[in-house]
Peer 1: 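My questions will all concern the structure given below.
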Amino acid sequence: MPKEMAYYRQVQNPFGLPLDNRENYTKSDWIVWTATLAENQADFEALIDPLFRSLHETTSRVPMTDWYWTRDARQRGFQARSVVGGVFIKALATRWIK
């Protein structure tokens, strides 16, 4: 996991970690699930902070999207989908890990 996290931090864009190397879009729920696997708080925050920033700086006037571009935070496509609930995984994981 440390090797993977180091790579993620290296390839991350201003508004988040790209889903894969073919495009610069991402999914917000995937970012939070990935960050939840981090072994320390600094790595968790390194992945979450750009997502937080995207929600505050996007010019897309829609509810929280789960699919957006990591270079400008604009919505890529989806809107109002239930997968956005995946952003709560850290709360669930923290409760069960203790």
Side-chain angles (χ1 to χ4, degrees):
M1 188 63 188
K3 184 177 179 180
E4 192 78 7
M5 186 58 66
Y7 174 74
Y8 285 164
R9 290 180 80 157
Q10 178 185 348
V11 300
Q12 188 163 238
N13 288 326
F15 295 102
L17 178 64
L19 191 58
D20 63 37
N21 64 356
R22 295 173 292 178
E23 288 285 352
N24 286 308
Y25 55 68
T26 195
K27 293 189 73 275
S28 55
D29 56 310
W30 175 78
I31 287 176
V32 179
W33 279 75
T34 303
T36 299
L37 297 174
E39 295 179 338
N40 60 64
Q41 188 66 22
D43 285 340
F44 175 81
E45 290 175 10
L47 295 182
I48 294 298
D49 287 349
L51 169 60
F52 182 83
R53 182 178 172 212
S54 75
L55 296 171
H56 288 275
E57 296 182 23
T58 184
T59 57
S60 297
R61 301 296 300 154
V62 298
M64 182 179 173
T65 183
D66 64 303
W67 192 19
Y68 68 94
W69 296 103
T70 60
R71 294 199 187 275
D72 62 12
R74 293 185 55 88
Q75 178 186 21
R76 171 65 176 92
F78 302 140
Q79 183 171 323
R81 292 180 356 122
S82 59
V83 297
V84 174
V87 301
F88 296 106
I89 189 62
K90 179 67 170 178
L92 294 171
T94 301
R95 179 170 183 218
W96 294 108
I97 290 173
K98 291 181 180 181

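What's counted below: heavy atoms across the whole structure, side chains too, no hydrogens, waters or symmetry copies.
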Peer 1: Closest approach of Met5 and Ala38, non-hydrogen atoms and distance?
Peer 2: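 Scanning both residues, the minimum pair turns out to be CE-CB, 3.6 Å.
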Peer 1: Of all residues at least two apart in sequence or in a different chain, which pass the side chain to side chain donor-acceptor pair (under 3.5 Å) check with Gln10?
Peer 2: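 With sequence neighbours excluded, Gln10 shows a side chain to side chain donor-acceptor pair (under 3.5 Å) to no residue whatsoever.
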Peer 1: Decide yes or no on side-chain contact (heavy atoms from CB on, under 4.5 Å) for Leu17 and Thr70, but give the supporting numbers first.
Peer 2: CA-CA 7 Å; Leu17 178 64; Thr70 60; over 6 Å; no
Peer 1: Got a sec, which residues hit side-chain contact (heavy atoms from CB on, under 4.5 Å) with Pro50, two or more places apart in sequence or on another chain?
Peer 2: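 Per chain and number, Pro50 pairs via side-chain contact (heavy atoms from CB on, under 4.5 Å) with Gln12.
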Peer 1: Test of understanding: with ring pair (Phe, Tyr, Trp, His ring centres under 6.0 Å), list the residues that count as partners of Tyr25, not counting sequence neighbours.
Peer 2: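 Result, ring pair (Phe, Tyr, Trp, His ring centres under 6.0 Å) vs Tyr25: Trp67, Trp69.
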Peer 1: Tell me, please, which residues at least two apart from Asp43 pass side chain to side chain donor-acceptor pair (under 3.5 Å).
Peer 2: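 Expected list: Arg9, Asn40.
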Peer 1: Do you know the tightest heavy-atom contact between Ala73 and Thr58?
Peer 2: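 That would be O-OG1, 2.5 Å.
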Peer 1: Does anything in residues 30-39 form a salt bridge (Lys or Arg N to Asp or Glu O under 4.0 Å)? List the pairs, not counting sequence neighbours.
Peer 2: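 As it turns out, there is no salt bridge (Lys or Arg N to Asp or Glu O under 4.0 Å) pair with a partner in residues 30-39 once direct neighbours are skipped.
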Peer 1: Show me the pairs that pass ring pair (Phe, Tyr, Trp, His ring centres under 6.0 Å) and involve residues 30-53, at least two apart or across chains.
Peer 2: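 Those involving residues 30-53 are Phe52-His56.
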Peer 1: Can you list everything that forms a side chain to side chain donor-acceptor pair (under 3.5 Å) with Asp49? Sequence neighbours excluded, please.
Peer 2: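 Partners of Asp49 under the side chain to side chain donor-acceptor pair (under 3.5 Å) test: none.
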Peer 1: Got a second to check how far Asn24's CG is from Phe15's CZ, nearest 0.5 Å?
Peer 2: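 CZ of Phe15 is found 12.5 Å from CG of Asn24.
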Peer 1: Would you please name every residue forming a salt bridge (charged side-chain N to carboxylate O under 4.0 Å, His left out) with Arg22, sequence neighbours left out?
Peer 2: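 Partners of Arg22 under the salt bridge (charged side-chain N to carboxylate O under 4.0 Å, His left out) test: Asp20.
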Peer 1: Would you compute the distance between atom NZ of Lys90 and atom OG1 of Thr36 and round it to the nearest 0.5 angstrom?
Peer 2: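 Going from the NZ atom of Lys90 to the OG1 atom of Thr36 covers 5.5 Å.
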Peer 1: My understanding is that only residues two or more places apart in sequence, or in another chain, count here; which of them pass salt bridge (charged side-chain N to carboxylate O under 4.0 Å, His left out) with Glu57?
Peer 2: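 Checked Glu57 against salt bridge (charged side-chain N to carboxylate O under 4.0 Å, His left out); matches are Arg53.
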Peer 1: With sequence neighbours excluded, tell me which residues meet side chain to side chain donor-acceptor pair (under 3.5 Å) with Tyr8.
Peer 2: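 Partners of Tyr8 under the side chain to side chain donor-acceptor pair (under 3.5 Å) test: Glu4.
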Peer 1: Out of curiosity, Thr26 OG1 to Ile31 CD1, how far, rounded to the nearest 0.5 Å?
Peer 2: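 Answer for the OG1-CD1 pair, Thr26 versus Ile31, is 3.5 Å.
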Peer 1: Any idea which heavy atoms bring Ser28 and Leu51 closest together, and the distance?
Peer 2: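 Here Ser28 and Leu51 meet closest at CB-CD1, 3.6 Å.
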Peer 1: Report the C-alpha separation of Met1 and Leu37 in whole Å, then their side-chain angles, then the decisive distance to 0.1 Å, and conclude whether the side-chain contact (heavy atoms from CB on, under 4.5 Å) test is met.
Peer 2: CA-CA 8 Å; Met1 188 63 188; Leu37 297 174; 3.6 Å; yes
Peer 1: Following the transitive rule for hydrophobic clusters with a side-chain heavy-atom cut-off under 4.5 Å over Ile, Leu, Val, Met, Phe, Trp and Tyr, establish whether Val62 and Tyr68 coincide in one cluster.
Peer 2: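 Each belongs to a different hydrophobic cluster.
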Peer 1: Once side-chain contact (heavy atoms from CB on, under 4.5 Å) is applied, do any residues pair with Val87, and if so which ones, sequence neighbours excluded?
Peer 2: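 So Val87 forms a side-chain contact (heavy atoms from CB on, under 4.5 Å) with Val32, Met64.
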